[in-house]
Each structure stands twice: as structure tokens, then as C-alpha cells.
Participant: 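Dropping the structure in here first, questions after.
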Amino acid sequence: MTQARQSPTTIPDRYEPVAVEERWYPEWEKRGYFRADPESAKPPYCIVIPPPNVTGSLHMGHAFTMTLQDVLTRVKRMDGFNALWQPGTDHAGIATQVVVERQLAAEGKTKDDLGREAFLRRVWAWKDESGGTIIRQLKKLGASCDWSRLRFTLDDDLVRAVREAFVRLYDEGLIYRDDYIVNWCPRCQTVLSDLEVEREERDAEFVYIKYGPLTLGTVRPETKLGDTGVAVHPGDPRYAHYVGRTLRIPSVDGEIDIRVVADEAVDPEFGTGVVKVTPGHDPVDFEIGKRHGLPIRTVIGFDGRMTAAAGKYAGMDRFECRRKIVEDMQALGLIERIEPYRHAVGLCYRCKTVVEPLVSKQWYVRVKPLADVALAAAHDGRITIVPSGWLNTYDQWMQNIRPWCISRQLWWGHRIPAWYCERDGSVHVSRTDLTSCPSCGGPMRQDPDVLDTWFSSGLWPFSTLGWPDDTAELRTFYPTSVLVTGFDIIFFWVARMAMLGLHFMKAEPFRHVYIHALVRDAEGQKMSKSKGNVVDPLAIMGKYGTDAFRFTLAAFAAQGRDIRISDERVEGYRNFANKLWNAARLVLSNLEGYDPEGEPPPAGLPGRWIESRLHAAIHDVRTALDAYRFNEAAGTIYQFLWSDVCDWYLEIAKTALYRADDPAERQRVQHTLVTVLEATLRLLHPFMPFITEELWQRLPHEGESIMLAAYPRASRTGPDPEAERQMAVLIQAVTAIRNIRGEMRISPAQTLAAVVKAAPGDEALLREHVGLLQTLARARVTIDPRATRPRASALGVVGESEIYVELEGLVDLAAERQRLEKEIKRVGEAIAFTRGKLARPDFAERAPAEIVDKERDKLAEQEALHAKLVASLGWVG
RNA sequence: GGGCGGAUAGCUCAGCUGGAAGAGCGCAGCCCUUACAAGGCUGAGGUCGCAGGAUCGAAACCUGCUCCGCCCACCA
């Protein structure tokens, strides 16, 4: 009876990812599938990678963002676009420098022992040694970047781009050098931008100090030594008579002169309404000082210790000084009282050292005019931010933007292209290195500082494409299509690219910005090395396969919510990959006699149904992807493949495949199986590139790789509602019988006997597919429109039809009676609810007619069911 | 001080434009039925954070509140 067929054991019954992944990735790369062609006539699609730290290694955040970018790139590539995923790495200034400094420290050395040149050679060596790691790992992830275009932010081309940008901004007056109060990290020995300062709530002491006749509060008593004034609000009547006067007051270091000024920055409601002004160590005070011409006294140095100007406290650590000075003031009776106080302190984002505001000379970008343009672009549709909620965040920051401090006292990075003449002191900013002063010919000294690492990152979308040259790449791929990144670098990176891109290219750097959430551990904690809760993506990939891992990330990528990752979550999708593998195994081992060239016979009902479901799945996946709803796209494929294809269609198809008596049926089922599975593989490929390629190659197919195959389009014939309706009836009938089996605890081995009292509308359908019912429900099924219900039978209801399953000798009828009674009660309650609803005049008269009708139909159904259940009671006892 | 997000089954989360709640895992029962036990079938389990409101109708919209999380901010 059963036709001889290829044994499924020729293909392993478990999907083994490692071998497949190792085979396909190098093959794709070798064949040049990742390459984009700037001269191509196809429509362009471009994503620039958020460049990972060159010396870093792949963490969950990378894996997540890169997976999404690869999904998009692969979809577009299959969809006929000239797709470029532009890869690259970042020199990551301070981060990398700190790592190498730490290495040196382990050898008992400091960077100053080596000197600048030797230190930089050392960093480059470290870059050369570790720089390939993350690239290899991205390949492991399946990333289809055009590696022939790999860029590094310190490549010669990019150095040139950075200099060009710097010089142009300088010439336009948008870059300037200024003495200003900055955020200084005494440990890292560098200035930090406002964004690089983190805020943390800490407990502190609020010390009320007597300033002669005045009293004021401060949390930083040590800065008292740098006070050059006190300020009150201009409208504060309590202190009006002091304004403009200079007070001679007793202090820890004898008597000092303090001027009283009136300034709007003072809040009369806070504390005593008097504030000490320390222009050298507080940003607000700096501004106040500037407005009133108060001198700057620097009492804390770059090393975090008190300077000579601090008199007897010179050389003391700033916090030790704080303690000591309070002691001394207490001894002198200068302290009125001390209150506990909780406030935010600024910390260095890298080392968490308390940042010291200090006055120093730094380079700045006047970003306000650039921000205005970037703001406009996000509001007139040139740049679309998805999810749109982030536009708010972007706006607020752009609107309140302050000058961007771009110089850093580091060695690793883009050195500032400014030279100072040692003879006449003139400043020259230049695209090329200067050796002698253009004005006087004197010896030049280049600014020792480097640029904030985000300066070069801000040029990334066009610097990687060849700017400042007018390249084919720029013309083809700029503006890029979408930027995919996490919300944590909207200000650092997205905003800067928007500003700089619009400024230099006169066009937005990306049309869409897709902002995704963060990947956290299973408990929702941010992963960090210190917490020891880091989940290594490579370990996950090794354990469950790259495809399963990628699919997990996509499936959890719901907008606006962080992702919690754990082994169990990946395991589920590993099983999904395995399910697909076995579904393909079933198809592949039953292709004997299949003619891929042959004219396909018209599909039967199940075939039409599964094709209609496929049509819907393709449509839904495309819609979801267009809106960056990765989780919905993944969920749609998952449900379609597992439920519709495996649970139903394959089970139905087996009947035809295993029987030799209807070769035409076998043929058409084979055809449907192949076309549906092949299309599903293409639909899934961007998410699970490896397993889909492997299986696609084994199936009858056209073309050399699934990567080059077309992304599925919903069929021209559209959905097939009639097939869906009919299959729904059959599925319900099967489920009804299985339901009875399950409820009654009847063994699957037991073949049931069922009589279907078919309603007139469904009789023909049920008769035609009675074989399908018998197989799937494991029952002998008789269709009889005039059947009467046998004694000792269970009732199933499918629309207007009824199914009677004989129970005699199979179940405990008394128990069944109880169950029925319970069910009758439940349905009775549902009927009461619906009746109540329909009886309410507000509903009956005001709800739309079709809703009322629907409720009526529902009630009728419920009542019919109730009556049948009541009747059933008589049939089980 | 401003802004944003979250609160839905035991757990982790979907639920887009309002029409009596879904998935995965876990749990219970029956099955090694010739693609897959990493599987199949069946089932139990939810006053959708709380309180109001507009609506014929709310998990979804409005208001207030509670509890988490995040971002921004020059109240010393």
C-alpha cells in the first residue's frame, strides 16, 4: 500500500547549525553576494552600521541591532534593491585608550613613561591584534555587510574627512576656541562634554556659612576659597541694600573682600536666597561672574587637588579639604548649621569620578545653527523617527542645545588640525600639516589634543561613502535609507549625524531612524561586566545556532520595550528551526516522481487553503517590516509555519503522499508542498539565513542562492476566502472530535466512531473530505444528514452540523454527565449575559446594526448549544 | 523640576485604527501515530495596576492616583 519512498534518515532528524553556518557564510562572501554596486541601475538601499569599537567584541546590544539591520538589508536585497550595508569600526577614543593604559599599568608603566609616539604605536598594535575580533563575530552572526568597503574611523580617508569638516566649520566661524568652564575628569585627565557627565543622587551636607552679615548654604564648602562674590536675586528686598557693596568678612584664611551682586539666576526661595559665587568652579557661578565682571580664582587643579591659591590647603585632595575646611570654620564659629541634603553630582561616564568644573581653554562647535536645521528636517518629513515618540526626546535636546566641547586631552584619536606659532602666537587651522608659520615662518606646534570620538562618528554616513570627494557611492547611497540604533545614543550620535550631514551634504543623512530598545538580562537588569550578568551572544549562538538566536531577537523586538534575553527564550526558537528542518525533511523524502517542470495540476481544497494562508502571511510580514515591526513579522512566520503548515497542511498532505492509488493527487500535493515551503523559506531567510539557504538548496529551486532569490510577494490571485471558510469547517470538525477524545481521555490508539449530521450547506463539503476527517481525527466517520443521535454518545457542534461520537464501552458515562452539567451552567451564564446586553435600550437602539445582528446571532448560537447540551444529558446515561 | 516608557495567564511578553483577551515557556491529562519527544493531541489558568469619566460598547480613549524603570535639568 505505502509507496516506497526515500528514507528520511538520509537527512539528520535534528538541525545541526554549526556545519551549515560554517559552510554558507564563506560561500556567500566568496561569491560576492554582499557587494553593492554604486553603478547599478537598481534602486539604492543603504544602511550604515553603527561602528562598534574596533577593539571590542560582540555583545548582546551589537547582536540585536546588527540582526535587525541584516534583516532589513537582506529583505531589500532580495526585493531587487541595490542594497549596501556599509560596515566599519570606531577608534572609540577614550575607551580604547583606557584599555591600553590598563595594560600598561599591569606592566607597571604609564603612558607618560612611553611618551606619545610610543604609546600610540602600542595602541595601534593593540588595534591590529584585536581589531578583527568583532568583524569575525559579525560574520558569525550572518551579517551581510559589504566587507570590501570596511572602514575605520582612523583610516586615511576618514582622517581627511575629519580635517575637512573641522577646517570648514572653523572657516565658517562655527568652530572656535574659548576659555570656558568645562567638565573635567581628574582621573582621566581630560575634559568631557556635557553628555559624558552622568548624574547620580548622593547624600551630602548642606553647610550654612556666615558671610559677615549674610548667611548662605553650600554643598561644596571647599570652593569657598575660590569665591569672588555673593549673589542675590535682584528683586529680593531682604538684601537689596547690600547689592553693589563689597563686604569685608572673616574667613578661614583671614579677612576677605566679597562683592555682592544681583543676578536673575538666584532663586530667592532656595536656602537663604544668597549664593556664593565661585566662577572658577561652578558653571552657574561662571556665568554670573561673567555678567558682573567678577574675577576667576582657581583653587582646585586639574589633578583634583587644591592649588597654591588655596593657601594653607594647597596640595590637599578636594574632598579632604572639604572636610577640613568645615572643621576649621566650625572652630572659628563661621558655620551656622549643617543639614543633610540629597542632590545630584556629576560623574565621569567612564570612571565614575566626580567631575570637577574647571576653567580651561577648549575647542567648541557652535551647534545651535546646525541644530535648527536638524530640527526642521525632523519635522518636515525629511527625517522620520520610528517609533515617533523619540521625536520628542530629539526635539528637547536640539532645542536646548549648548556649544559642543570637542577637544579631549587624550592621545588616541583625531588630532586637532590646529597649529600655534611659537614665535608670534598665531593660530592656524589647516587641512595639511604645518611645519612653519604661514604668517611669520616661525616654528609651529600642533595642538596636542584630539577630537571627541563622536566628531568623526558624526560624519560617518558620508565619510564612509567617500566624502569630501564627490564619489559614485555618495551620489548613489546618500541619503541613506535608515539608521538603526539604540535610544542611548540619540544625542551622542543620531543628533550629531543629523546636524553634520545636513550641514555638509545639504541633505539628511538618513530618511528613517529606527530606534530600538536595549537588551537586558532575564531579570531586566542592564548587562554589565561588574554585575557579572553578561550573556555572551557567541555562547548562545554556539548552543542554539545563529538562526535561532537571530529569530529570538527579532521576535522580541517589540517597539518601545526592552528585551530580556535568556537561554529558555532562545530554546523555543531553536525548536522552531528544528521544526522547519523536519517539515522540510518530510517534503524532501516524498518528492519521488515530482516533476518541477511539469504543469501543476490545480490544487485541491487544502492546497488552496494553505496558499491563501501563505498569501496572508506574506502580506502581513511585508506590512510589519515596512513599519519596522520585527516582532510581528517574526510572529507571523512562526504561526504560519508551525500551525498552518505543520499542524494542518502537512498532516493532510501525508494522506496523499503515502498512498499510491491517486498519483494525480500525489502530484498536486507535491507541487503545493514545494511551492509553499520554498516561498516560506524565502520569507524567513532574512531572519534565519543559514537554515533557509541549506534547505532551499535541497529543494527544487531556481537560481544559485536563496540570497539572490526574490522576496515573496503576495499572490496576484489574492486570498481565497471560500477555501478558508471551507477549511475552517473541516478543522472545526476535526477539533471537535479530538476535543471529545481529549475530554473523555480516550487513547489515541482507539479509533472512534463518529456520525456527522451534516447541515445542508456543509454536506457536500463534509462528504468530499470525509477521508481527511477520518485521518486527522482518527475516527470512522459517517456522514448522514438524517442521522439520529445514538445512545451513549458525545456531541460536537460545528456551525449547523452535529457530530455524534460513540462512547459505549469507552468512557465513564457518569463522569461525563457531571461534565455536561458544568458546561450547561457555563453556557447558561453566557446566554444571560448576551440577553441582558440585547435587552438594554441603549445597546439595541444605538449600536450599529451589524453589531446588534452579530450579538443576536451569537445568542442564537449559544441558545442552540445550550439546548443540545441539555439534550446530551439524556444520551450519556 | 521637566519629559518618556511600563503595569495583561504562574513566568516572559504580543494585543497597531475601540466590538466580551492571545503566544511562548511552565503546569495537568493522554500519546515514542513511519518529519520532528527539540514532537503530537487535549485541557486548566486572566475582576487587562487602582479610581473616576466620555461611549451603545474600553485592556485600548480622557482625568486623577499608586508602584516600577529610564532620560533630561546650572536650585547653590
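As the structure is a computational prediction, the values presented were derived from the model and not from experiment. Each chain gets a letter, A, B and so on, in the order its sequence line appears, and its residues count up from 1.
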Participant: Please pick, from B:A76, B:G24, B:G15, the nucleotide with the shortest atom-to-atom distance to any side-chain atom of A:V275.
Facilitator: B:A76

Participant: Check every atom of B:C70, B:A76, B:U33 against the side chain of A:F487 and return the nucleotide holding the closest atom.
Facilitator: B:C70

Participant: Using atom P of each nucleotide, how far apart are B:A59 and B:G52 to the nearest Å?
Facilitator: 14 Å

Participant: I need the minimum non-hydrogen distance between A:C646 and A:A583, along with the two atoms involved.
Facilitator: SG-CB, 3.8 Å

Participant: Starting at CG of A:L553 and ending at C1' of B:C13, how long is that distance when rounded to a whole Å?
Facilitator: 15 Å

Participant: Name the nucleic acid region contacted by A:D285, choosing base, sugar-phosphate or nothing; use a 4.0 angstrom heavy-atom cut-off, strictly under.
Facilitator: nothing

Participant: Please determine if a side-chain N or O atom of A:R564 lies less than 4.0 Å away from the OP1 or OP2 oxygen of B:G24.
Facilitator: no

Participant: Can you check the distance between B:C41 and B:A58, where both ends of the measurement are the P atom (answer in whole Å)?
Facilitator: 36 Å

Participant: Touch check for A:R220, heavy atoms < 4.0 angstrom, all strands: base, sugar-phosphate only, or nothing?
Facilitator: nothing

Participant: Taking NE2 from A:H343 and P from B:G1, how many angstroms apart are they, rounded to a whole number?
Facilitator: 17 Å

Participant: Taking the side chain of A:E651 as its heavy atoms from C-beta onward, which of B:G24, B:A76, B:C36 lies nearest to it?
Facilitator: B:C36

Participant: Classify the nucleic acid contact of A:T735 as base, sugar-phosphate or nothing, counting any heavy atom under 4.0 Å across all strands shown.
Facilitator: sugar-phosphate

Participant: Do any side-chain nitrogens or oxygens of A:K579 fall under 4.0 Å of OP1 or OP2 in B:G40?
Facilitator: yes

Participant: Using the P atom as the reference point in each nucleotide, state the distance between B:G5 and B:C74 in Å, no decimals.
Facilitator: 23 Å

Participant: With salt bridge (charged side-chain N to carboxylate O under 4.0 Å, His left out) as the criterion, how do A:E264 and A:R291 come out once you've worked through the C-alpha distance, each side chain's angles and the decisive distance to 0.1 Å?
Facilitator: CA-CA 11 Å; A:E264 295 282 347; A:R291 284 194 284 270; over 6 Å; no

Participant: Nearest-Å distance, CD (A:E571) to P (B:C11)?
Facilitator: 20 Å

Participant: Between A:E743 and A:R738, does any side-chain N to carboxylate O distance fall below 4.0 Å?
Facilitator: no

Participant: Taking the six-membered ring of A:W581 as reference, does the cationic atom of A:R14 (NZ for Lys, CZ for Arg) lie under 6.0 Å from its centre and within 45° of its axis?
Facilitator: no

Participant: Choosing from B:A35, B:G24, B:C16, which nucleotide comes nearest the side chain of A:Y638?
Facilitator: B:G24

Participant: Using OP1 and OP2 only, check whether a side-chain N or O of A:Y573 sits under 4.0 Å from B:A38.
Facilitator: no

Participant: Determine whether the aromatic ring centres of A:F270 and A:F206 lie less than 6.0 Å apart.
Facilitator: yes

Participant: Rounding to an integer number of Å, can you tell me how far A:R741 CZ sits from B:U33 C1'?
Facilitator: 11 Å

Participant: For A:I746 and A:K276, take the nucleotide of RNA chain B holding the closest heavy atom to each; which residue's nucleotide lies nearer the 5' end?
Facilitator: A:I746

Participant: So what's the dot-bracket for RNA chain B: Watson-Crick or G-U pairs under 3.5 Å, [ ] if a pair crosses, | if it pairs off-strand?
Facilitator: (((((((..((((.....[..)))).(((((.......))))).....(((((..]....))))))))))))....

Participant: Nearest of B:A35, B:C41, B:G43 to any side-chain atom of A:L586?
Facilitator: B:A35

Participant: Rounded to the nearest angstrom, tell me the gap between atom CZ in A:R585 and atom P in B:A38.
Facilitator: 14 Å

Participant: In whole angstrom, give the distance that lies between atom CD of A:E222 and atom C1' of B:A76.
Facilitator: 13 Å

Participant: For A:Y628, answer base if it contacts any base atom (sugar-phosphate contacts may also be present), sugar-phosphate if it contacts only those atoms, and nothing otherwise; contact means non-hydrogen atoms under 4.0 Å.
Facilitator: nothing

Participant: Closest-nucleotide mapping onto RNA chain B: is A:E16 or A:D562 further toward the 5' terminus? I mean the 5' end.
Facilitator: A:D562

Participant: Base, sugar-phosphate, or nothing: which does A:N739 touch, judged by heavy atoms less than 4.0 Å apart?
Facilitator: sugar-phosphate

Participant: Please state the C1' separation for the pair B:C61 and B:C16 - nearest whole angstrom.
Facilitator: 15 Å

Participant: Under 4.0 Å between a side-chain N or O of A:R14 and OP1 or OP2 of B:A38?
Facilitator: yes

Participant: Between B:U42, B:G29, B:A38, which nucleotide gets closest to the side-chain atoms of A:R745?
Facilitator: B:G29

Participant: Can you tell me how far P in B:G24 sits from the matching atom in B:G40, rounded to whole Å?
Facilitator: 10 Å

Participant: Do the side chain of A:Q639 and the base of B:A14 come within less than 3.5 angstrom through a donor-acceptor pair of N or O atoms?
Facilitator: no

Participant: Please confirm whether the shortest side-chain N or O distance from A:N582 to OP1 or OP2 of B:G39 is below 4.0 Å.
Facilitator: no

Participant: Using the P atom in both, what is the distance from B:G10 to B:G49, to the nearest Å?
Facilitator: 13 Å

Participant: Would you measure the distance from the C1' atom in B:C48 across to the matching atom in B:G22 and give it in whole Å?
Facilitator: 12 Å

Participant: Would you mind reading off the distance between A:R629 atom CZ and B:U17 atom C1', rounded to a whole angstrom?
Facilitator: 11 Å

Participant: Nearest whole Å is fine: how far is B:U34 C1' from A:L650 CG?
Facilitator: 15 Å

Participant: Taking the side chain as every heavy atom from C-beta outward, state whether A:R666 and A:T655 have any atom pair closer than 4.5 Å.
Facilitator: no

Participant: Parallel, tilted or perpendicular, judged at 30° and 60°: which one describes the rings of A:F551 and A:F576?
Facilitator: tilted

Participant: Could you check whether A:K290 makes a cation-pi contact with A:Y180, meaning its NZ or CZ is under 6.0 Å from the centre of the six-membered ring and within 45° of the ring axis?
Facilitator: no

Participant: Determine, for A:K210 against A:E336, whether the closest basic-nitrogen to carboxylate-oxygen distance falls under 4.0 angstrom.
Facilitator: no

Participant: In whole Å, measure the gap between the P atoms of B:C30 and B:A35 for me.
Facilitator: 25 Å

Participant: Of all the nucleotides listed (B:A35, B:A38, B:C30), which has the minimum atom distance to the side chain of A:P748?
Facilitator: B:C30

Participant: Closest approach to the side chain of A:R574, judged atom by atom: which nucleotide of B:C4, B:A76, B:A38 is it?
Facilitator: B:A38

Participant: Can a side chain N or O of A:W390 be found less than 4.0 Å away from OP1 or OP2 on B:C70?
Facilitator: no

Participant: Does a donor on one side chain sit under 3.5 Å from an acceptor on the other, for A:N582 and A:D13?
Facilitator: no

Participant: Heavy atoms from C-beta onward define the side chain here; which of B:A14, B:C36, B:C75 lies closest to that of A:N631?
Facilitator: B:A14

Participant: Among B:C75, B:A37, B:G24, find the nucleotide with the atom closest to the side chain of A:D13.
Facilitator: B:A37

Participant: How is A:A583 classified with respect to the nucleic acid when contacts are heavy atoms under 4.0 Å: base, sugar-phosphate, or nothing?
Facilitator: base

Participant: Taking the six-membered ring for Trp and the full ring for Phe, Tyr or His, determine whether the centres of A:F491 and A:Y394 are under 6.0 Å apart.
Facilitator: no

